[in-house]
Amino acid sequence: MSEDLGEWLSDSNEVLNLQLVRDPEDEELLQYEDKQAIEPFNPAFTYPIFGEHEKIFGYKGLDIQLKFASGSLRQYLSINYDAKLNSTATPSDEIEGTLYKFIPPDYTKSDLDFKRQVEKDAETFKPLGEKINSYIRKSQLSKGKGKAKSKAQVKGKGVSDGIEDLKEGDEGAVVFEMYKATWDTPGFREYHRRMQLFILLFIEGGSYVQEDEDSWEFITLYEKRKRPESEIYTYHFVGYVSVYPFWCYPDQVRLRLSQFVILPPYQHQGHGSKLYSTLFADMLSRKEVAELTVEDPAEAFEDLRDRNDLRFLIKQNILDDPMFQIGLSTCGDEKQRIQRIEWENTIKKKYKIAQRQFDRLLEMLLLRELNQLNEDKVKQYRLHVKARLFRFNYEMLSQMTPEERKEALAKTYESVVEDYERILEMTFH
Ligand SMILES: CC(=O)SCCNC(=O)CCNC(=O)[C@H](O)C(C)(C)COP(=O)(O)OP(=O)(O)OC[C@H]1O[C@@H](n2cnc3c(N)ncnc32)[C@H](O)[C@@H]1OP(=O)(O)O
């Protein structure tokens with residue numbers, strides 16, 4: 001492309017500006033870091049919409065504003081630019097028509113209509129489905145201390161990291177609520193069509209789910225605010241998770257977590273952990289669920305899952321179980337090894353954790369407890385992990401010479417342990 005035409009190229013991740021909008025009266029309630037909730041943010045990916053190069057051709061000074069009413073997620077689109085290329089040989093990309101294929105057709109381009117929608121949201125929008133959990137955060141009232149102050153307490157059946165003793169209605173208490181929905185929840189299909197865009201924009205390799213597959217389940221997460229001196233509660237979308245049940249012999253289901261997103265203004269505040277642990281508690285309470293698996297997890301999500309699963313197992317006092325250190329696959333007598341396999345299978349089944357994830361979690365906990373000065377124990381641990389890695393990578397390793405195999409296993413072991421150390425450090429620092 002000639003240099004001149006290059007001037008007409010925009011990076012679609014940079015020019016697509018997203019924003020969650022609430023009524024000005026509700027925006028005023030936000031102080032300091034809490035204001036982040038209403039700041040514009042950019043997508044991480046736009047290749048599913050604008051093509052693999054994530055470029056839009058034919059404009060200078062392009063600014064695409066896609067705003068969402070923060071509760072109902074009704075959308076507003078405004079496309080602005082300083083100049084548009086007027087050439088039949090190299091026509092400008094069609095922006096609205098391209099976006100149109102990915103968003104529901106009920107978006108507005110009118111500022112007034114959108115303002116009215118946002119006002120209406122405040123009065124009428126309520127999350128769809130059944131409320132299954134809530135927790136309370138301290139509002140970011142003091143400038144510059146955002147992260148340190150966002151501590152939480154879970155109410156109800158969820159997993160609590162209960163630090164603050166705030167109650168709903170206390171000054172500075174912000175409530176977050178989670179709702180479970182399916183396609184049968186009235187209005188949810190339509191709502192889902194508005195929120196699914198976030199999957200394309202934030203999950204690499206993400207795609208829309210099939211609406212004709214009946215069994216999808218969703219948990220949505222909202223910030224809930226009370227308007228002072230009124231009985232009005234407003235709800236603001238934070239993120240959601242979708243899961244799909246697969247039949248599991250003979251009469252249970254395996255739940256597969258498919259999509260998980262916390263919107264950027266709410267990331268790194270522990271909301272992802274709350275949503276995940278609520279899903280986990282929900283599936284543990286359901287007799288028909290045998291196991292929770294995860295479809296193609298992104299690295300950041302794997303970390304989140306590891307951290308939460310580790311904390312969960314520790315809360316179940318697994319470290320105090322006499323079997324925890326006994327019968328590792330390369331030591332002890334045959335009887336102990338069989339006992340250990342039985343013990344592992346019982347715990348795995350009880351907590352409905354998938355095999356590989358469960359193996360990894362136990363290995364991380366064993367590493368945490370390992371006395372690095374005890375050479376025998378270190379060797380025992382190494383052989384235990386390598387035996388699992390050998391089983392897991394059997395097909396590939398069995399085609400190598402013994403020397404190559406030894407080297408490959410040693411390398412994999414090193415990187416696995418390095419990763420375990422990183423995860424343990426961020427979970428228990
Ligand atoms: C199967 C799939 O769908 S995989 C796809 C997963 N989704 C995506 O990748 C979409 C885009 N990303 C996201 O939606 C989110 O970033 C997620 C889901 C990956 C993580 O959600 P978050 O709400 O940010 O997670 P959470 O806040 O619990 O933990 C993330 C980080 O915040 C830190 N953190 C958690 N709580 C706090 C707190 N109160 N104060 C400060 N930091 C905190 C954690 O230590 C963690 O740090 P790290 O990122 O350096 O490891």
Side-chain angles (χ1 to χ4, degrees), residues 13 18 20 32-34 36-37 41-48 133 135-140 142 144-154 158-164 166 174 176 178 195-209 216-223 237-244 254-280 283 292-312 354 356-357 419-429:
N13 292 344
L18 311 166
L20 300 164
Y32 303 114
E33 280 83 354
D34 279 356
Q36 202 178 314
F41 54 100
N42 293 101
F45 310 103
T46 44
Y47 66 86
N133 202 1
Y135 54 94
I136 297 178
R137 278 287 148 95
K138 192 161 189 174
S139 161
Q140 315 285 335
S142 70
K145 291 188 181 166
K147 287 199 164 182
K149 285 210 151 205
S150 45
K151 296 175 178 173
Q153 184 184 34
V154 173
V159 181
S160 164
D161 59 7
I163 306 164
E164 295 282 351
L166 283 171
V174 185
F176 289 83
M178 283 171 251
M195 71 181 187
Q196 65 181 350
L197 183 66
F198 298 128
I199 299 305
L200 299 188
L201 299 181
F202 294 103
I203 301 184
E204 188 159 19
S207 57
Y208 286 175
V209 305
W216 284 100
E217 298 174 17
F218 302 86
I219 302 177
T220 47
L221 171 60
Y222 294 87
E223 174 188 337
F237 181 82
V238 173
Y240 77 100
V241 55
S242 68
V243 295
Y244 192 82
R254 182 174 284 123
L255 275 192
R256 189 196 282 170
L257 189 160
S258 174
Q259 303 165 321
F260 194 106
V261 68
I262 298 291
L263 293 184
Y266 292 95
Q267 286 174 8
H268 298 288
Q269 297 159 37
H271 295 300
S273 291
K274 292 294 178 203
L275 184 57
Y276 175 76
S277 49
T278 296
L279 170 73
F280 195 88
M283 72 100 194
L292 177 69
T293 61
V294 181
E295 182 180 325
D296 200 10
E299 217 171 278
F301 180 79
E302 274 198 316
D303 285 354
L304 178 143
R305 177 194 191 197
D306 288 346
R307 281 199 307 269
N308 284 283
D309 288 356
L310 285 169
R311 285 193 213 111
F312 171 79
R356 177 168 175 268
Q357 175 66 357
D419 202 42
Y420 286 174
E421 280 165 352
R422 182 184 62 82
I423 294 161
L424 289 171
E425 167 64 22
M426 84 191 165
T427 311
F428 302 109
H429 61 270

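Both counts, for ligands and for their atoms, begin at 1 and track the order of listing. In this text the structure is predicted, and so the values were computed from the model without any measurement.
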If I apply the N/O under 3.5 Å rule, does [X] come out as touching ligand 1?
X      : result
Ala298 : no
His268 : yes
Ile262 : yes
Val294 : no
Ser273 : yes
Phe260 : yes

Proximity of [X] to ligand 1 by residue part, where a heavy atom lies under 4.0 Å:
X      : value
Gln259 : backbone
Gln269 : backbone
Ser258 : backbone
Leu304 : side chain

Measure the acute angle between the ring planes of Phe176 and Tyr135, then classify it against the limits of 30° and 60° as parallel, tilted or perpendicular.
-> parallel
Using the six-membered ring wherever Trp is involved, compare the ring planes of Phe198 and Phe202 and label them parallel, tilted or perpendicular (cut-offs 30° and 60°).
-> tilted
Under a 4.0 angstrom heavy-atom cut-off, which atoms of ligand 1 come close to [X]?
X      : answer
His271 : 23 (O)
Val261 : 14 (O)
Leu257 : 1 (C)
Glu295 : 1 (C)
Met426 : 51 (O)

Can you see which heavy atom on [X] is nearest to which on [Y], and at what distance?
X      : Y      : answer
Pro48  : Leu200 : CG-O, 4.1 Å
Asn42  : Asn13  : ND2-O, 3.2 Å
Phe237 : Met195 : CE1-SD, 3.7 Å

Tell me, please, which residues at least two apart from Arg356 pass salt bridge (charged side-chain N to carboxylate O under 4.0 Å, His left out).
-> none
In sequence, state the C-alpha distance, the side-chain angles, and the governing distance for Gln196 and Gln259, and then conclude on side-chain contact (heavy atoms from CB on, under 4.5 Å).
-> CA-CA 10 Å; Gln196 65 181 350; Gln259 303 165 321; over 6 Å; no
May I have the step-by-step check of side-chain contact (heavy atoms from CB on, under 4.5 Å) for Arg137 and His271, ending in yes or no?
-> CA-CA 10 Å; Arg137 278 287 148 95; His271 295 300; 3.5 Å; yes
Closer than 4.0 angstrom: is that true for some heavy atom of Arg307 and an atom of ligand 1?
->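 Per 4.0 Å heavy-atom rule, Arg307 contacts ligand 1.
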Please determine, by modelled atom types, if [X] and [Y] share a side-chain donor-acceptor pair under 3.5 angstrom.
X      : Y      : answer
Ser139 : Asp34  : yes
Tyr276 : Asp309 : yes
Glu295 : Tyr244 : no

Atom 26 (P) of ligand 1: which of Gly270, Pro297, Ser242 has the nearest heavy atom?
-> Gly270
